Amino acid sequence: MHGMQGVRGSIPLSSTILRRYSMAVAYNFNEIDKKWQEFWEKEGIFRAVPDKDKSKYYLLEMFPYPSGKIHMGHVRNYSIGDVIARYKKMCGFNVLHPMGFDAFGQPAENAAIKNQSDPKIWTNQCIDWMKEELKKMGFSYDWQRELSTCDPDYYKWNQWIFLKMMEKGLVYKKKSLVNWCPKCETTLANEEVINGGCWRCKEIVEQKELEQWFIKITEYKEKLLDDLKELKNWPTQVLTMQENWIGKSQGCEIYFKVKDSSEIINVFTTRPDTIFGATYVVLACEHPLVKKLIKNAPEEKEILEFIAKVEKESKIVRQASDVKKEGKFIGAYAINPVNNEAVPIWIADYVLMEYGTGAIMAVPTHDQRDFLFAKEHNLPMRIVIRNPNDQIQNPKNMIQAYEGGGVQVNSGQFDGIPNQEAKTKIAEWIQNNSMGKITTHWRLRDWLISRQRYWGTPIPIINCKKCGTVPVAYDNLPVVLPENVKFTGTGGSPLNQAKDFVNVDCPKCKQAATRETDTMATFFDSSWYFLRFCSPNYINDPFDKEEAKYWMTVDQYIGGIEHAVLHLLYSRFFTKFFQDLGMVSFAEPFNRLLTQGMVLKEGEVMSKSRGNIVDPDGIIKQYGADVLRVFILFAAPPEMELDWSDKGMEGIVRFLNRVWRLIDEQRSLDRARDESVQPSETGQIHELTRKLHLTIKEVTSAFEKDYKFNTAISATMELVNQIYQIPEVQRKNKTVKDAVEKLVLLLSPFASHVCEEMWQMLGHSKSIFLETWPEFDEAKIKTSTVNIAVQINGKLRANIDVPADASETEVREIALSDLKVKECIKDAQLKKFIFVPNKLVNIVI
RNA sequence: GGGCAAGUGGUGGAAUGGCAUACACGAAGGACUUAAAAUCCUUUGGCCGUAAGGUCGUGAGGGUUCGACUCCCUCCUUGCCCACCA
């Protein structure tokens, strides 16, 4: 799933390693990291076992694509998850925190072509490397639950789910276009099409029609939309993006008769209020009527050439903004049903067959794309909605389309009506007079899962000349990928060459038949892995219903914002499907969602092609895992973009060194500490208690509320600074020792290794993660007086001390008697007195 | 083209209607040291002023409010996603 920020290869050394002077970490992090990683593993501290007596907490981070190297995006994602998992454990929850690998996909196959290797061996090697790095970060995973989607024990269930979907009528085959390189004879991903050419050989990419497998996700469109309301703990931006993606819109189909013909063009529009301004009609090149209408027309040959050209262009090129919209008049006219006007029929590359009905009515005055097209081809225009802010009467004077609101003009009986109102009225009038019908349009398309690739789950289908498409029997799953396949990069899917795989007997008629060679898109694999983690070795079903009942739903899911639509939508769809199968009792898989921002360097995304990758492994070698974890959480709030800086990390080294010295000091004080001779509580010590409770409150609220770990960490820094303000003799005080102990507890989710070590140094024998999270006391935070601001006409003029929770009358008296305030007011009239308890007052004069 | 975000000191960021710049980095000066590192102390938004203090200031412009980084409108810039990368 992750994989954007670079794969194994020539990774430049971090500049940090090359810098001559760098801050030294005060403790032996190599030894400490290793010691505690082994301890956690050996003691099984983070192993998850169902326990009915304990509340469960399922924390999941999006699993990675095994590129071989972890990148800063992974470090960020998994550090955020890890601190939450450790915190929840300390709060007494039974935590499930698993990790696995989204192991199918194109990079393995591309590597196979390049090195003549086996994608399986390559992938497993990458998984080993990556696991090693993840372990070095000290993340609290239950490795016993590790899974890999390229394992037949996993992808067997992809096939099982596919067949179940087929049983429920959710699977079908349809012709669909793919990017095709005629030289390599292979399908290409959008990202492999570079400036319209093949990434490998630069040949111009064509569009080719292939029979492909689709999943009817559209059957679930209403539920997918409605249930978004239930997702109260999802970021609103993700909800909005999903809502737009599903794209429910009320619109209208309008029937245009073709002049001197019995044919009818059905156009779809969301703007029926502009129908009187429709001055031409545009069909997609693939529209079935086009070939009929141009038959025997004088321009037929020219038009066919144009269509052939457009069909070769990739979808990306067709929708790109910088390309000039091209089109051709096809010599026929259509009748606008509302005013019986004959308007020309055009074809153009910017109208897509997949959207709406593949035909549009063009209103150049009120749609910018139509406007540009009409200007380019000198087509007529008519204003039908009056822009209240300008007086343009003649459409020739318009410099762009007016897409805003206003009253109807040139619209027959609807003139003078606001267009929002006219939208419904016109649609109803059209429907009542059989000129069209009101429809609901959805933007969501069915999901194309076919890939003409080797390294994916084989689609469990046998194609028989006699019986058609025959599903593989459940008992015969998994359909295992054949080995010893040649990877040439040409000639279609490598599976076609695997004769033993392809040639089989039809399960129905036992005659010779062929196996389907398309594999599944990897999004299929990742749409249900969160359920598999509940029982990763279960053999009777994709997952054990009882285990899933205990662990699901995922309490906190964390991953990149780039998955806001696709992965998250597919996972929601699968869950609803499992609900309909009676396998789960809930409709939504992820209770709370956190989408973390990208990791940048100097304002640019870290990527191999930019050559600005900072390798986490180098940072771990130089500073240890804790420094990296704390820094990446400190540098920015989780959902924001994070600008990497090598320098900033030295601040964290300094900070952890300061904490280490405090603990070291307390340890030596412990030896000499005399309980009976406690230094007396000074004001500073009293203040420290208050600060401690404030800090506990702040850090706890970061975990419970907004995950602002950057400010949580800065709060612990302030606490440390305050402890250092206390003279060394006073630090013998038990209150200081208590504060230091609590500090270590507060920091342990972040700097886990060194905190375990420090906890031991402070004389504890049990793992810090088996301790209880500290609680704060609101009474200890309260003070007797507060300092509040005095504003005069909104400008800060003075600060005054008032008793905490003082009344307005009291504060007013103190404020008005303040010398500075008096001087500012002089003899001006007091108009208003604004009072915000414990914060400020504003005197308006 | 569509959708979603973000814009605050030299830098990362803090403050979500109430004292703008917490915390950290960097920089400058000082203490310690034979020296360096480490550590500790001081200063650090702009402008005016010796100072007290004043004044401007959160991408630009407008609006709402006693009060706006925060809410509303218009615009600019940057980043991310858009169905075969994952």
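Values in this document were obtained by computation on a predicted structure and should not be read as measured data. A, B, ... follow the sequence lines: proteins, then strands. Residue 1 opens every chain.
With sequence neighbours excluded, the residues satisfying side chain to side chain contact (heavy atoms under 4.5 Å, CB included) with M717(A) are F634(A), I652(A), F655(A), I713(A). Annotation: side chain to side chain contact (heavy atoms under 4.5 Å, CB included) contacts of L231(A) (sequence neighbours excluded): L228(A), W234(A), L239(A), R572(A), E588(A). Residues passing the side chain to side chain contact (heavy atoms under 4.5 Å, CB included) test with L566(A) are W245(A), F523(A), Y570(A), sequence neighbours excluded. Scored by the side chain to side chain contact (heavy atoms under 4.5 Å, CB included) test, T522(A) finds F104(A), D525(A) as partners (sequence neighbours excluded). For R812(A), the side chain to side chain donor-acceptor pair (under 3.5 Å) test picks out no residue, with sequence neighbours left out. Partners of K697(A) by salt bridge (charged side-chain N to carboxylate O under 4.0 Å, His left out), not counting sequence neighbours, listed by chain and number: E778(A).
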5' to 3', nucleotides 22-29 of chain B under a 4.0 Å protein heavy-atom cut-off (B base, S sugar-phosphate only, - none) gives BBSSS---

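Using a 4.0 Å cut-off, some side-chain N or O of R797(A) falls inside it from OP1 or OP2 of G54(B). Listed pair K820(A) / A52(B) fails the phosphate criterion, with no side-chain N or O lying under 4.0 Å from OP1 or OP2. When the side-chain nitrogen and oxygen atoms of R451(A) are compared with OP1 and OP2 of C84(B), one or more of them lie within a distance under 4.0 Å. Here K795(A) does not reach the OP1 or OP2 of U55(B): none of its side-chain N or O atoms lies under 4.0 Å away.
One C1' atom belongs to U42(B), the other to G49(B), and the distance between them is 23 Å to the nearest Å.
Every pair passing salt bridge (Lys or Arg N to Asp or Glu O under 4.0 Å) that includes a residue from residues 709-721 of chain A is listed here, sequence neighbours excluded: K691(A)-E718(A). Sorted by first and then second residue, the salt bridge (Lys or Arg N to Asp or Glu O under 4.0 Å) pairs involving residues 833-845 of chain A (not counting sequence neighbours) form an empty list.
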List the atom pairs, with distances to 0.1 Å, where a side-chain N or O of residues 786-802 of chain A and a protein N or O form a donor-acceptor pair under 3.5 Å, not counting sequence neighbours.
unit_1: N787(A); atom_1: ND2; unit_2: D801(A); atom_2: OD1; d: 3.1
unit_1: N793(A); atom_1: OD1; unit_2: I845(A); atom_2: N; d: 2.9

Pairing of RNA chain B as dot-bracket, 5' to 3': ( ) intra-strand, [ ] crossing, | other strand, . unpaired, with Watson-Crick or G-U pairs under 3.5 Å? (((((((..(((.....[....)))((((((.......))))))((((....))))..(((((..]....))))))))))))....

Tabulate protein N/O versus nucleotide N/O from nucleotides 63-66 of chain B, keeping only pairs under 3.5 Å, one per line.
unit_1: C66(B); atom_1: OP1; unit_2: K832(A); atom_2: NZ; d: 3.4
unit_1: C66(B); atom_1: O2'; unit_2: N842(A); atom_2: ND2; d: 3.4
unit_1: C66(B); atom_1: O2; unit_2: N842(A); atom_2: ND2; d: 2.6

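In this structure, F750(A) and F709(A) have perpendicular ring planes: the angle between them is above 60°, well past the 30° mark.
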